[in-house]
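Notes follow once the structure below has been shown.
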Amino acid sequence: MSKLGDWLKKSTDRVRTEGVDGIYWALMSFYGKVLMKRISENTFNYGVPIFERDWDVLVIVDACRADMMAEVSNEYPFVSDNSIDSVASQTGVWHDRNFVDKYRDEMKNTALITSCEHASRRFSDDDFLIFDEVHSYTYDAENRVMPARPLTDRAISVGREHNPDRMIVHYKQPHFPVLPWLPEYGTKTDEKPANWDSIRQGSIIAYWPTIREGDVSLDDAWTGQKENLRFVMDEVELLIDNIDAEKLVISSDHGNAFGEYGFYGHPANIPIKALREVPWCITSASDSGEYTPANYDRSKQIENDGYTRDQILKDLGYKI
């Protein structure tokens, strides 16, 4: 089936089952995945791939706008308001444009420590010096979230044990869900808006449709994601104190749209500032040796417990 035929079939199905939400998805999907994909590959294919930039450790905090990072810059000594243009507005496209054959040798000398399920769909152990899919054995299926601490632990362990030439550490936060608003992870549950739980619609967690429809306000959504950013930056601070890196950079794969030009979330191939401008905070790191990372049973895959990788993406708000 052609891409256009596939879009038409999915759109028909979703309009039938979701009504107005389905119409919105069809329009945004056509714009981003069909029309803008063709245009962006030639006209809006800007941004410098990560392997063309200078870093020893690259920390990716997922779905973080540059202006949101700037709002917390006075809370962390290693954060600045510097920014760059990302090569993409969605994680899958970010992977496709950064991890290409041209950089095969660089990838072979790079450790990728990730909690991003998109990576599992694109990469294998042969692509990197170390490919550690931390989400595959530490995902919290009960609360339907990816905790941040296992990623920190694994990055520290890999840095100490292997000392790779380059390392990418890809946290899932500040991407929704908001961990500080969960009793199991945060201390700010009393700050959670009363209607925040309306995002959960059966087996689907509908973050952006709920926000777009006004059931959750834009202000509450922004506040939640900023709390999530603080949550993950505390983890980054622990990482910086327990790893050696002459040049550690904190950045993001893409931003998030909060209604700009009618967009919400991070659809693919959309060349707007809210989605393509991301932080580029340059610092260094020195291992104090004071923290002992936890050990994890990497053989205990979530799929062995009956939890699918597709369900992880659904928990993040994607419809598979």
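Sequence positions, counted from 1, serve as the residue numbers for this chain.
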Give me the one residue out of Q173, H266, K172 that meets side chain to side chain donor-acceptor pair (under 3.5 Å) with D62.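 Output: one option passes, namely K172.
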Using the side-chain contact (heavy atoms from CB on, under 4.5 Å) rule, take D244 and S286 through it: C-alpha gap first, then chi angles, then the decisive distance, then the call. CA-CA 4 Å; D244 289 321; S286 180; 4.1 Å; yes
Does some side-chain heavy atom of [Y] sit less than 4.5 Å from a side-chain heavy atom of [X]?
| X | Y | value |
| --- | --- | --- |
| Y137 | D297 | no |
| N269 | V93 | yes |
| R53 | S251 | no |
| V236 | F78 | yes |
| M146 | V134 | yes |
| N109 | L129 | no |
| M233 | E237 | no |
| R166 | F51 | yes |

Donor-acceptor pair, distance only, cut-off 3.5 Å: does the side chain of [X] make one with the backbone of [Y]?
| X | Y | result |
| --- | --- | --- |
| D241 | L238 | no |
| S252 | V278 | no |
| S83 | P279 | no |
| K247 | A285 | no |
| D253 | A63 | yes |
| D140 | V145 | no |
| S115 | H170 | yes |
| R230 | V72 | no |
| Y171 | I60 | no |
| S284 | E246 | no |

Under 4.0 Å between a side-chain nitrogen and a carboxylate oxygen: does that hold for E277 and R65?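 Salt bridge between E277 and R65, a charged N being under 4.0 Å from a carboxylate O: no.
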Is it true that K102 and E52 make a salt bridge, defined as a side-chain N closer than 4.0 Å to a carboxylate O?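 A salt bridge links K102 with E52.
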I need the minimum non-hydrogen distance between [X] and [Y], along with the two atoms involved.
| X | Y | answer |
| --- | --- | --- |
| V158 | P164 | O-CD, 3.9 Å |
| I272 | A257 | CD1-CB, 4.4 Å |
| L275 | G265 | CD2-O, 3.2 Å |

Once the angle between the rings of F99 and W94 is folded into 0 to 90°, is it parallel (under 30°), tilted (30 to 60°) or perpendicular (over 60°)?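 F99 and W94: perpendicular rings.
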Could you walk me through whether D132 and R298 pass the salt bridge (Lys or Arg N to Asp or Glu O under 4.0 Å) test, one step at a time? CA-CA 9 Å; D132 193 344; R298 299 179 66 187; 3.4 Å; yes
Between F176 and W196, is the gap from one ring center to the other below 6.0 Å? yes
If you apply the rule side-chain contact (heavy atoms from CB on, under 4.5 Å), what do you find for N242 with L239, and how did you get there? CA-CA 5 Å; N242 290 277; L239 176 67; over 6 Å; no
For D101 and R104, run salt bridge (Lys or Arg N to Asp or Glu O under 4.0 Å): C-alpha distance rounded to whole Å, both residues' side-chain angles, the deciding distance at 0.1 Å, then the answer. CA-CA 5 Å; D101 287 341; R104 187 64 54 190; 2.8 Å; yes
Rounded to the nearest 0.5 Å, how far apart are CD1 of I211 and CG of L218? 7.5 Å
Check the pair M167, I243 against side-chain contact (heavy atoms from CB on, under 4.5 Å), reporting the backbone distance first and the verdict last. CA-CA 11 Å; M167 181 161 64; I243 199 171; 3.1 Å; yes
Mind running side-chain contact (heavy atoms from CB on, under 4.5 Å) on W181 and N228 for me, showing each step along the way? CA-CA 9 Å; W181 287 350; N228 227 22; over 6 Å; no
How about CG on D190, more than 12 heavy atoms from neighbouring residues, nucleotides or ligands closer than 6.0 Å, or not? yes
When you compare the side chains of T91 and H175, does any donor N or O come within less than 3.5 Å of an acceptor on the partner? no
We want to know whether Y185 and N143 form a side-chain donor-acceptor pair, criterion being a heavy-atom distance below 3.5 angstrom. no
